[in-house]
Amino acid sequence: MPERVHTRFNGESRPERFPPKSVTLQDHSTPPQGKKRKRAEKLPNSPPSKPHSTNPGPNTLPHSPKNSAIVGNAPRNQANGVIPDRQLNSNGRTPSNARRDNKDMKAQYGHLIKRRDALLPARKALPIWSHAAEIKEGLRGPKDVMLLVGETGSGKSTQVPQFLLDEPWCKGCIAITQPRRVAAISLARRVAEEMGSLLGSSSPSSKVGYSVRFDNSTSPNTRIKFLTEGMLLQEMLRDPWLKQYSAVIVDEVHERSVNVDLLLGFLRNLVTGDKKGRKGMPLKVVVMSATADTESLFKFFNAGYQGRKSEHSQISNGIDRKLDRTEDSESSWSGISSSEDEKPKAKSSKITQTNGSLKLKANSNVNNSAEPAALVSKFISTCYIEGRQYPVKILYLPEPTQDFVEAALKSIFQIHYKEPLPGDVLVFLTGQDTVEALERLVNEYALGMDADVPKILALPLFAALPQSAQQKIFHPAPPKTRKIILATNIAETSVTVPGVRYVVDSGKVKIKQFRNRLGLDSLLVKPISQSAAIQRKGRAGREAPGQCYRLYTEKDYLELQPRTTPEILRCDLSHAILTMKARGVEDVVGFPFLDPPTREGLEKALLLLLQLGALSDTGEISDIGLKIAKLPLTPTLGRVLVEAADPERDCLLEIIDIISCLSVENIFLNLITEEKKEDAEVARQELYRREGDHLTLLATVQAYASEHTDRKAWAEKHYVSHRAMQNIMDVRKQLRQQCTQLKLLSQSVDMSAAPQSSQARSNNILHCLLRGFAANTARLMPDGSYRTLLGNQTVAIHPSSVLFGRKTEAIVFSEFVFTNKSYARGVSAVQLDWVGEVLASLS
DNA sequence: GAGCACTGC
């Protein structure tokens, strides 16, 4: 039986930084508008000249708050009985029809208004409500930037845009960005309800819309638009001045995605620049974060205004000199040690704040949520909103443990025996393997429990788990049963698990880090940061006071690095740089980064872009680069695609199919039992190609696409993920459209060209892959191992590859990952002289 | 003979 493991208890009550919100809105019953006609208002006779949506209205789909947090895909396009207004207008409706429409419309509007009024008391009870005047005031006059810290549950994401809507400066649209698609869509739905408006493209009069990949739902009257960060960056390609917006609200900044870092840089340039492209229209920026990192954000924006001062000395003299911007505020204060490359397992948790803290003496309490010392600027305001979080007790291990799975097992049963129901347990682990191992152990131990003890229901939760299995965490537990949710990091931000009062935190996370020198991604288990530990803890206090069992000592906690390293310091920068170049940033080293990447990382990425032909020798973006930047692909994959459009290659459609596969999750299901594995091998045999994984993917997509009766059954029969295949078809469609727009793909197939032999076609495809992945090539050595041609590193073909165990003179691979050793994933066999030709052409 | 955390255009 498990024994007591936690002896020390730390009843922590000091305010900490707060966990980020993942959006699970509690109260959105959707009006039954699906069966109604969408003619809410008498239209002026100028219907939109083109549809503003690719999807006639997801709000017409049944929707529950639960699945809003977990549905990975936006609602798929479907005909839902919505009649476009234009069609109605030209249809010559009879008077009785018109009367019925009118009645429907009134009923619908009545419903919307009723709903809006019903929601008002809940809005007024939000912590942010009493700050409305302060927030409005903070953006008036010369104040263009507001830094807003709001804890979970403060209501900032839904209320701030509504507060700003009627401000005199707000003539245009308000954009509000989110890191995830589901959040953008469900927040838009909620705000539409609160405003008594229809959502998105469902009515031309709707005031609230959203825009995410594959699903854009806005109307001509949209005033508040929720979008993913990537979508706003995409819009900036067409409109660098963001002319349709009066305000941009950047939400969840503490998550520090690469896209948010780029957005903040662009917005700083815009707001502190001359704004001449905006024709005098003001632009207000609100930066919202759940953690009190105001100081770094303040310095970041303030530096922009000070830079402006030196260029245009007539502006700005209201900046408090106490906050002396120094050159080092361009350098990182997040304490990233750049020696990571050599020793991934080195003391990465030991963090020194030497890097700039000298200049920050007075305000160096970066990790406290206490209000920082005066941050004063005539252009920047700050606002702090309290949240709604129940207290959570923290319990540490007295001694460090080597085996966090075992320690978690003990803690789970300690909680289960000691604490009364209700109160589910959420356990944070590192990956599928540890989740499944602990699941087995928990079930095993549960068999030995006395009959009078409540039962235990162990539920795994990780992204690769099928949706139906993920949904189980939302089902109420049977009577006298405690749910134990065994989760990866997915539960930290993306999925809100209800009913949790106990959190067990392993203190570890599996994290991906790009290593410039080797040009590969490492996927390693590492200690979490203090802020991640606080976020995990917060998951226990959402519904009632809770407890957090940390499977490490308090000393270990204090030695963790204060913040999670921002993604931009961990990833391959080539995509980010191309994004900047395509939006007119010439000097990427001088770009305002909140945390500047290392010079080495920037140089490595610039070199890659140069090799791809995306940049010219002088560092300017080329035509090819501009095309690649418009595609939703990494620069390498984009280059492969552009190559395929070359008349000499002539295999664009095939390459699109392959690239679509490479940009979604694994399509071949991971099977557990030996029996299933053998079945799958037999069933997939017809799909496998001896040329390697890429042509195997092509064969799979083509077989799936030519299946017209039952694609789901086809996928099951071949042990292929149907969900992945649906995503692939979406991506494929989008890429084909974009290739047509970019004039890479002509709509009519050229019939005059001689058909390629299947061999020639395969060779062409492989040549295209080589063009993008020239750096990812290796040759067979006499001892049977593979060595990369650039860099001379040993690399093994990953066992998931169809080429695993095969010997071929050279390989090209689309992924280079280090887990236990260096692996090539996504591998094709090529001729050595082809590789030589490509490499020679680059130098 | 391994086993991939999580987003996004």
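Convention: sequence-line order gives letters A, B, ...; per-chain numbering from 1.
Counting only N and O atoms by type, the side chains of Q178(A) and Y210(A) include no donor and acceptor under 3.5 Å apart.
Heavy-atom distances to DNA chain B give each of N489(A) and Q734(A) a nearest nucleotide, and the one nearer the 5′ end belongs to N489(A). The nearest heavy atom of DNA chain B to G431(A) and to T634(A) marks one nucleotide each, and the one closer to the 5' end goes with G431(A).
Candidate nucleotides dA5(B), dA2(B), dC9(B) were compared by shortest atom distance to the side chain of K512(A), and dA5(B) ranks first. When distances are taken from the side chain of V212(A) to each of dC9(B), dG1(B), dA5(B), the shortest belongs to dC9(B). Ranking dA2(B), dC9(B), dA5(B) by closeness to the T228(A) side chain, first place goes to dC9(B). Between dC6(B), dA2(B), dG8(B), one nucleotide has an atom nearer to the side chain of H575(A) than all others, and that is dG8(B). Side-chain proximity of P799(A) to dA2(B), dA5(B), dC9(B): nearest is dA2(B). In the set dA2(B), dA5(B), dG8(B), dG8(B) carries the atom at the smallest distance from any side-chain atom of R181(A).
Exactly one residue among E567(A), Q561(A), R563(A) makes a side-chain hydrogen bond (donor to acceptor under 3.5 Å, both in side chains) with T565(A). That residue is Q561(A).
Contact annotation for Q432(A): backbone-only contact, meaning every heavy-atom pair under 4.0 Å involves sugar-phosphate atoms and none involves a base. If you check every strand for non-hydrogen atoms under 4.0 Å, N666(A) touches nothing. Q738(A) comes within 4.0 angstrom of no nucleic acid atom, judged by non-hydrogen atoms across all strands. No engagement by L233(A) is indicated, since no non-hydrogen atom pair under 4.0 Å with the nucleic acid exists. Residue I490(A) is classed as a sugar-phosphate contact, given heavy-atom separations below 4.0 Å to backbone atoms only.
For the pair L262(A) CG and dC9(B) P, the computed distance is 15 Å after rounding to whole Å. Distance R570(A) CZ to dC6(B) P: 14 Å, rounded to the nearest Å. Counting to the nearest Å, the C1' atom of dC9(B) and the CD atom of Q741(A) are 14 Å from each other. One interatomic measurement links the two molecules: CG of L735(A) to C1' of dC9(B), which rounds to 10 Å at whole-angstrom precision. Taking atom CD of E678(A) as the reference point, atom C1' of dG1(B) lies 15 Å away to the nearest angstrom. Rounded to an integer number of Å, the gap from K627(A) NZ to dC9(B) C1' is 19 Å. Counting to the nearest Å, the P atom of dC9(B) and the CD atom of Q178(A) are 12 Å from each other. The CD-P distance, from E229(A) to dC6(B), rounds to 18 Å in whole Å.
In this structure D239(A) satisfies the side-chain contact (heavy atoms from CB on, under 4.5 Å) test together with W241(A), K243(A), sequence neighbours excluded. Qualifying ring-ring contact (aromatic ring centres under 6.0 Å, His included) partners for H718(A), counting only residues two or more places apart in sequence or in other chains: W714(A).
The main-chain N or O of F813(A) is found under 3.5 Å from a side-chain atom of N776(A) such that the two form a donor-acceptor pair.
In terms of phosphate contacts, R180(A) brings no side-chain nitrogen or oxygen within less than 4.0 Å of OP1 or OP2 of dC6(B). T488(A) has a side-chain polar atom (N or O) that falls below the 4.0 Å cut-off from OP1 or OP2 of dC6(B).
Crowding of R787(A) atom CZ: a count of heavy atoms from other residues, nucleotides or ligands under 6.0 Å exceeding 12.
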